[in-house]
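Report on the structure given below.
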Amino acid sequence: MSAAAAALCLKAGNGVILRGGSEAIRSNAAIAASLRRALVDAGVPAAALTLIDEVPVIKHYKGVCHL
């Protein structure tokens, strides 16, 4: 999960689904919690960010994919 990608999407007024690997679920949860606190501090509803801990993905050969 990329906090930078989430911030760019929020700043641009866009939605995004970021899914980190299952091996990093604890890190992803910590990042999401931190971002949620920052959103609330900035006057944005915490519901603007939702952690999806299990979702099907589009397989790719290598690298980071953006849709």
Side-chain angles (χ1 to χ4, degrees):
M1 181 169 152
S2 170
L8 288 172
C9 289
L10 181 64
K11 182 88 171 157
N14 293 307
V16 65
I17 297 174
L18 300 171
R19 183 188 184 274
S22 59
E23 69 283 353
I25 189 61
R26 289 186 181 129
S27 295
N28 294 340
I31 292 168
S34 178
L35 288 173
R36 240 183 249 114
R37 284 191 300 272
L39 290 174
V40 170
D41 288 348
V44 178
L49 185 145
T50 301
L51 175 66
I52 300 175
D53 57 4
E54 188 174 322
V55 65
V57 297
I58 298 170
K59 289 291 188 180
H60 55 84
Y61 175 62
K62 60 182 173 181
V64 177
C65 293
H66 301 275
L67 299 176

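Note that this is a predicted model, so its numbers are computed, not measured.
Judged as a side-chain contact (heavy atoms from CB on, under 4.5 Å), and not counting sequence neighbours, A7 has no contacts.
The same ILVMFWY cluster, assembled from side-chain heavy atoms under 4.5 Å apart, contains both V44 and L35. Tracing side-chain contacts under 4.5 Å through hydrophobic residues (I, L, V, M, F, W, Y), one never reaches L8 starting from L10; they form parts of separate clusters.
To the nearest 0.5 Å, atoms CG (N28) and CD (E23) are separated by 8.5 Å.
Considering every non-hydrogen atom in both A32 and L49, the closest pair reads CB-CD2, 3.7 Å.
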